[in-house]
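Everything numeric in this text was worked out from a predicted model, so none of it was measured. By convention in this document, chain letters (A, B, ...) are assigned in the order of the sequence lines, proteins followed by strands, and residues within each chain are numbered from 1.
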Number of protein chains: 2
Amino acid sequence: MTQDGRVVRGDQTRQRILDRAMAIASQDGLEGLSIGRLATDLGVSKSGLFSHFGSKEELQVAVVRAAEEVFTHEVVKPALRTTPGLPRLVELCRGWLDYSERRVFPGGCFFYAAGAEFDARPGRIRDLLARARRDWLRLYEQTVRDAQQLGQLDTDVEPAQLAFELDALATAANSAALLLDDALAYQRSRAGIRTRLRALATRPEEVP
Amino acid sequence: MTQDGRVVRGDQTRQRILDRAMAIASQDGLEGLSIGRLATDLGVSKSGLFSHFGSKEELQVAVVRAAEEVFTHEVVKPALRTTPGLPRLVELCRGWLDYSERRVFPGGCFFYAAGAEFDARPGRIRDLLARARRDWLRLYEQTVRDAQQLGQLDTDVEPAQLAFELDALATAANSAALLLDDALAYQRSRAGIRTRLRALATRPEEVP
DNA sequence: AAACTTTAAGCACGAACGTTCTGTTAAATC
DNA sequence: GATTTAACAGAACGTTCGTGCTTAAAGTTT
């Protein structure tokens, strides 16, 4: 869009580029994403595509931002529409696993792939991905805190600790499903999460 | 080594190449590992280096195999020297976290990085990495089974399920430490593992 | 010391990379 | 309807990629 909010032709092309770029990057990485290959895939010229972003790094930044929007739309927003506290915590886990299993991105969770790729490469991309992950963990954390204040969860456990554990179990499913073709991975993850939450819930029978 | 077991000059060069290649690959990925860059780093010619492996994929295969040897030496063997059952299970977790935290590879766990890179790219490398991960999970699994047969762990939990959970908690520490510079990540992981094992141990006070 | 094998360098290749510059076409504005 | 502007295409740049082919040096064996 332009500054005054108009939608122009270039925006559609740009979104088409980013959609394809996210798919490629989730499979082959943000570095493996090459401008020439992307242009060929979309049937446009390399220079025309390039001029939308100005540099490869700007393209990568745009792809990460676009992936954040997808993730927010697919996981965060649905969870925020549910009841705060324990139900929302359950929905965060469920929604994330579902997002990974449904292959919203063909290479599994975009941020798992990109995070592992850039976790040892200082720069803008790493900073962006780190911020995104921190935001996600903070959302877990705040939801745990809410559940504790509502008397639904044991207050002995640190919110950040439980956030870490839930994210760990979910992420591992993504990894095992992709690398090992392990069909049971998501079930294992759900089982692990259920066990942990029931151990901490004041009314365990209400954890689905 | 040659077929008859002699150690020749080329082997030292080859090992020097692989050592540097593992370090690079753990940070920049097996694809980001380029022959030209590797040769420049080591002060040798590109063609000389290349002739040791014959192709890039063969180099990548050799790097993965070399990393397996390092991992076996650093984590698996020490654990196999401890008492079978629960003590060994604890040592597998401790040893892995220590291996990640000590930065045996500068980019953290080699197999975490490479696994995430190739989990959506069919081919030899993916197959190799998948086999390595399966072996690792099976070692966890067998150790859990031993502990159960020795009456140290609750027999209600499936060995593969617990293996999945322990690996998940450990891997998440590697990820958080690298991407988020989270100094607490390893402690969180250890705490999570301890909690889970104590919940399943017949004598919880013996879980360190 | 000579013959032979192993090891590595030198050089060049075609392809793909990110990037820049110059046109051309289509839309928006006047 | 003329003019300006945004959206692309085409061709080429220099660089780096993986990969061969040829040749020199080093080590081993006779």
Side-chain angles (χ1 to χ4, degrees), chain A residues 1-22 24-25 27-64 66 114 117-118 121 123-125, chain B residues 1-22 24-25 27-64 66 114 117-118 121 123-125:
Chain A
M1 281 201 299
T2 54
Q3 288 162 0
D4 54 338
R6 282 169 304 125
V7 174
V8 292
R9 181 168 50 110
D11 293 336
Q12 301 171 32
T13 313
R14 190 185 153 95
Q15 193 55 49
R16 227 171 59 86
I17 294 172
L18 290 176
D19 283 343
R20 186 89 198 89
M22 287 186 283
I24 294 177
Q27 294 177 300
D28 295 348
L30 277 167
E31 224 40 70
L33 171 71
S34 91
I35 296 176
R37 189 257 179 108
L38 185 54
T40 308
D41 268 31
L42 293 167
V44 299
S45 73
K46 225 167 69 162
S47 60
L49 193 156
F50 183 86
S51 65
H52 276 89
F53 304 95
S55 78
K56 168 131 187 205
E57 190 178 327
E58 285 301 325
L59 168 64
Q60 292 174 325
V61 167
V63 172
V64 174
E117 187 180 4
F118 280 86
R121 298 194 209 178
R124 276 183 75 191
I125 310 292
Chain B
M1 280 200 300
T2 54
Q3 288 161 358
D4 52 339
R6 282 172 304 127
V7 173
V8 292
R9 180 168 52 109
D11 293 335
Q12 302 171 31
T13 313
R14 191 185 153 94
Q15 193 55 50
R16 227 170 60 86
I17 294 171
L18 290 176
D19 284 343
R20 186 90 197 89
M22 287 187 283
I24 294 177
Q27 293 177 302
D28 295 348
L30 276 166
E31 222 42 69
L33 171 70
S34 91
I35 296 177
R37 188 257 180 107
L38 185 53
T40 308
D41 268 31
L42 293 168
V44 299
S45 74
K46 224 168 73 161
S47 60
L49 191 155
F50 182 83
S51 65
H52 275 91
F53 304 96
S55 77
K56 168 131 188 204
E57 191 178 327
E58 285 302 325
L59 168 63
Q60 292 174 325
V61 167
V63 172
V64 174
E117 186 180 5
F118 280 86
R121 298 193 209 179
R124 276 182 77 191
I125 309 292

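The side chain of B/H52 contributes no N or O atom lying less than 4.0 Å from OP1 or OP2 of C/dT7.
Between the CG atom of B/L42 and the P atom of C/dA8 there is a distance of 11 Å, rounded to whole Å. Following rounding to the nearest Å, A/Q15 (CD) and D/dA7 (P) show an atom-to-atom distance of 15 Å. Rounded to whole Å, atom C1' of C/dC17 lies 15 Å from atom CD1 of A/I24. Rounded to an integer number of Å, the gap from B/F53 CZ to C/dT7 C1' is 13 Å. Look at CZ on B/R14: it is 11 Å from P on C/dA8, rounded to the nearest Å. Note: CD1 (A/I17) to C1' (D/dA7) measures 11 Å, nearest angstrom. When rounded to the nearest whole Å, the span between CD of A/Q60 and C1' of C/dG18 equals 11 Å.
Closest approach of B/I35 to B/K46, counting heavy atoms only: CG2-CG, 3.9 Å. In plain terms, the two heavy atoms of A/E117 and A/R121 that are nearest each other are O-NE, 3.5 Å. Heavy atoms only, all atoms of each residue included: B/G48 and B/S45 are closest at N-OG, 2.9 Å.
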Check nucleotides 22-24 of chain C for protein N or O atoms closer than 3.5 Å to its own N or O atoms and list the pairs.
none

Letter per nucleotide, 5' to 3', of nucleotides 15-22 of chain D [B base touched, S only sugar-phosphate touched, - untouched; heavy atoms, 4.0 Å]: --BBBB--
For residues 56-64 of chain A, tabulate all N or O donor-acceptor pairs below 3.5 Å that involve a side-chain atom, not counting sequence neighbours.
residue	atom	partner	partner atom	Å
A/K56	NZ	A/E31	O	3.0
A/K56	NZ	A/L33	O	2.8
A/E58	OE2	A/R124	NH1	2.7
A/Q60	NE2	A/L30	O	2.8
A/Q60	NE2	A/E31	OE1	3.4

